[in-house]
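When reading the values below, keep in mind they use all heavy atoms of this one structure, side chains included, and skip hydrogens, waters and symmetry mates.
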Amino acid sequence: MTRNGVHQFRLPDVGEGLTEAEVLSWNVQPGDEIAVNQIVCEIETAKAAVELPSPYAGTVTELLVEAGTTVAVGTPLLQIDTGGETAGTDTEAAQPAESGAPPSQDSPAESDSRQPVLVGYGVKAGATRRRARKRPAPATSAPPPPVNGGREPVAAKPPVRKLAKDLGVDLHSVSPTGAGGTVTRDDVRRASRQEAVPQAEPAPSAPPEAEQAPPAAAPPLEERIPIKGVRKHTATAVAGSAFTAPHVTEFLQVDVTNTVHAVAKLRERPEFAEVRVSPLLLVARALLMAVRRHPEINASWDEEAQEIVVKRYVNLGVAAATHRGLVVPNIKDADRKPLPELAGRLNELTETARAGKTTPADMTGGTITITNVGVFGVDAGTPILNPGEAAILAFGQIRDMPWVHEGELAVRKVTTLSLSFDHRMVDGELGSAVLRDVGTVLADPETVALAWG
C-alpha cells in the first residue's frame, strides 16, 4: 500500500505452508533513515528466526506491530516515507544475485504491487524510480548521520553474527582473517578479549534504614511459557506423527572402536582441514549406505492415494536442539555428496540451526533423519518420526565398555543405535536389515567402505 510516498511493508509470504510469524525485535524506530536491504526487524516463523530487509529506502514513520506480537502473512509491519519516489537501483540490490532473476521491465506504476519476501528468497520483480535527494540541512544544524554509519556491510555467517551479538562485539571493529575477508568466530572472540573493561563505579553508600526499599517479593511458584513459533510447530508435528504413524523401535549395541580411529585419521587429512569431523559424520555415511542397499526405508505414506512413495533421492535430516526448540534441517541429495562435502554441509546446517537462522527451504523435503542423543550423555531412546518419513535413527553416546573382542574380554568404544520406523511401510525384516547394516559399517568403516564402494 502506498499513499503520498508512504509505503507499508507487509509481513512477506515465503511459501512452505507458513501463515504467521512473531515479531521478535525491531532494529529501527520512527524517524530513522533506512536504506534498501537494511535489516528492520527479526521475526520467528514456525521453522526459524529470520531477519527481514526493507525493500524501500526512506524514513520510518511508524511501527505498526509491537515486538512479541504474532501476526498473519500480509499484515502491515511498518510505514516508510520514501519522499514520493522509490529507488530503482536500490530495489534491485534487495534481490540476491544468486537468484538469477533478470532485471524487471515493469512500468513505474506497477512498483507498488511488488511483494517483498524473506531474506534469501529475493524480491518479486517490479521497477521503481530513484527517490529525490533531500536538501542539505542549514549550517546551523548538525547533518543527519549516514545510514548504517556510512559503513560497508560485514561478511560473516549467521552463527558468527550471533556470537558477536552475544559478546557485544561490533562486527565493523573486527579484523577479518577468513577467506575473502570473512569474519570468523576466532576473530570475534579475539576482538572481545581486546576490548577495554570499563572501571567499575564505586557502590553508593547504603541509604538510612528508614529509606531502604522493601524486600523483593518472592518469585512465583509457577511459570507459564507461551507455545508459539518453532516450539508450537514441533509440538503439532510430533503429536501428529506419534498418533498417525504406528511406531516400532529396535536397538543395536555396536563396537565402534574402529569408527573412533577412522575419525582421528580423517581429521589429519587435508581435505577435512576446514571442517569439524565427528563420529556423527560416519554414522550419516553408514545410514546413507544402508539406504542404498534398502531404498524402501527412504519412503513416505500417501494417505489419499493409499500408496507408498519410495524416494530415489536422499535428503538427510539432522535433528538439532536450539534455544527456540527442536528443528530438523536436511542436506539435499546427501547420498550424492563426497565425504568432505557431506561434512561441510553437516557442520553448516547444525551451526545455522543453533543460531536460529535455518531457512524454511532447509527445513522441508527431508526423507530420513538422524538424531544425535549421545551429545546429551544419553545411551538410547525411542525417537519420534519426522512427519512424512518412514524412519529415524538415534545415535547414542560412545562409552568405554567391557566387550568380547577376538575371543577375549577387552575395553572397547561402544554405542547404541535406535531405529524407529513406520510399521505401515517398514516391516521388522526391513527395519532390522537397515539397523544391522548401519552397525556393520560403524564396526569396520574402512573395510566396509572398500567392499560396498
J.: Any Lys/Arg nitrogen of Lys413 or Asp400 sitting under 4.0 Å from an Asp/Glu carboxylate oxygen of the other?
T.: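 Yes, this pair counts.
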J.: How many angstroms lie between CG in Leu346 and NZ in Lys337, if you round to the nearest 0.5 Å?
T.: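 Going from the CG atom of Leu346 to the NZ atom of Lys337 covers 12.0 Å.
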J.: For the residue pair Ile392 and Leu419, establish whether any side-chain heavy-atom pair is separated by less than 4.5 Å.
T.: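 No, side chains not in contact.
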J.: Would you give the length of the straight line joining atom CH2 of Trp26 to atom CD1 of Ile43, rounded to the nearest 0.5 angstrom?
T.: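 These two atoms lie 10.0 Å from each other.
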J.: Apply side chain to side chain contact (heavy atoms under 4.5 Å, CB included) to Thr182 and list each qualifying residue two or more places apart in sequence or on a separate chain.
T.: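 Thr182 satisfies side chain to side chain contact (heavy atoms under 4.5 Å, CB included) with Ala155 once adjacent residues are dropped.
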J.: Measure the spacing between CG of Leu64 and CZ of Arg10 and express it to the nearest 0.5 Å.
T.: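 With rounding to 0.5 Å, CG (Leu64) is 9.5 Å from CZ (Arg10).
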J.: Would you say that Ser54 contacts Ile80 through its side chain, given a criterion of any heavy-atom pair below 4.5 Å between the two side chains?
T.: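 When only atoms from C-beta onward are counted, Ile80 and Ser54 do touch, with a gap below 4.5 Å.
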J.: Spell out, as yes or no, whether a donor-acceptor pair under 3.5 Å connects the side chain of Asp32 to the backbone of Gln29.
T.: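 Pair found, side chain donor or acceptor close to backbone of Gln29.
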J.: Under 3.5 Å, is there a donor-acceptor pair linking the side chains of Asp187 and Thr177?
T.: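 Their side chains do contain a donor-acceptor pair, which is all the 3.5 Å distance test asks for.
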J.: Just wondering, do Asp362 and Ile331 contact through their side chains at under 4.5 Å, heavy atoms?
T.: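 With C-beta onward as the side chain, the pair stays apart.
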J.: Between the side chains of Thr367 and Asn298, is a donor N or O closer than 3.5 angstrom to an acceptor N or O?
T.: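 Per modelled atom types, Thr367 and Asn298 side chains form a pair under 3.5 Å.
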J.: Side-chain donor-acceptor pair under 3.5 Å between Thr249 and Thr382, yes or no?
T.: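 Per modelled atom types, Thr249 and Thr382 side chains form no pair under 3.5 Å.
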J.: Kindly give the heavy-atom pair with the smallest separation between Pro76 and Val65, and that separation in Å.
T.: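 Looking at all heavy atoms of both residues, the shortest contact is O-CG2, 3.5 Å.
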J.: Any side-chain heavy-atom pair from Leu252 and Thr416 closer than 4.5 angstrom?
T.: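 A side-chain contact under 4.5 Å is absent here.
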J.: List the residues meeting side chain to side chain contact (heavy atoms under 4.5 Å, CB included) with Pro30, not counting sequence neighbours, and say none if there are none.
T.: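 By the side chain to side chain contact (heavy atoms under 4.5 Å, CB included) rule, Pro30 matches Leu63.
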J.: Would you indicate whether the side-chain heavy atoms of Leu339 and Leu281 approach each other to under 4.5 Å?
T.: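 The answer is yes; the side chains approach within 4.5 Å.
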J.: Near Glu274 CD, under 6.0 Å, is it more than 12 heavy atoms from other residues, nucleotides or ligands?
T.: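 Not buried by this count: 12 neighbours or fewer within 6.0 Å.
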J.: Between atom CZ of Arg412 and atom NE2 of His405, what is the distance when rounded to the nearest 0.5 Å?
T.: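 The NE2 atom of His405 is 4.0 Å from CZ of Arg412, to the nearest 0.5 Å.
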J.: Do Leu280 and Phe395 have side-chain heavy atoms sitting under 4.5 Å apart?
T.: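 The answer is yes, as the side chains (C-beta and beyond) meet within the 4.5 Å cut-off.
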J.: Check whether the side chains of Glu446 and Asn258 place a donor and an acceptor atom closer than 3.5 Å, and report yes or no.
T.: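 No - no donor-acceptor pair under 3.5 Å links their side chains.
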J.: Backbone N or O of Ala35 within a donor-acceptor pair of the Gln38 side chain at under 3.5 Å?
T.: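 Yes, the answer is positive, given that a donor and an acceptor are paired below the 3.5 Å cut-off.
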J.: Is the closest side-chain heavy-atom distance between Leu342 and Pro340 below 4.5 Å?
T.: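 Answer no - side chains too far apart.
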J.: Which donor-acceptor pairs under 3.5 Å do side chains of residues 423-433 form with protein atoms, sequence neighbours excluded?
T.:
| residue | atom | partner | partner atom | Å |
| --- | --- | --- | --- | --- |
| His423 | ND1 | Val426 | O | 3.0 |
| Arg424 | NE | Asp422 | OD1 | 3.1 |
| Arg424 | NE | Asp422 | OD2 | 3.2 |
| Arg424 | NH2 | Asp422 | OD2 | 2.7 |
| Asp427 | OD1 | Glu429 | N | 3.3 |
| Asp427 | OD1 | Leu430 | N | 2.9 |
| Ser432 | OG | Glu250 | OE1 | 2.9 |
| Ser432 | OG | Glu250 | OE2 | 3.1 |
| Ser432 | OG | Gly428 | O | 2.7 |

J.: Between the side chains of Asp255 and Thr257, does any donor sit under 3.5 Å from an acceptor?
T.: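 Distance-only check passes for Asp255 and Thr257.
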J.: Do Leu167 and Val188 touch side chain to side chain, with heavy atoms closer than 4.5 Å?
T.: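 With C-beta onward as the side chain, the pair touches.
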J.: Would you indicate whether Arg269, at its atom CZ, is surrounded by more than 12 heavy atoms from other residues, nucleotides or ligands within a distance under 6.0 Å?
T.: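 At most 12 heavy atoms, drawn from other residues, nucleotides or ligands, come within 6.0 Å of this atom.
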J.: Kindly compute the distance separating CD1 (Ile368) from CD (Glu389), expressed to the nearest 0.5 Å.
T.: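 The CD atom of Glu389 is 7.5 Å from CD1 of Ile368, to the nearest 0.5 Å.
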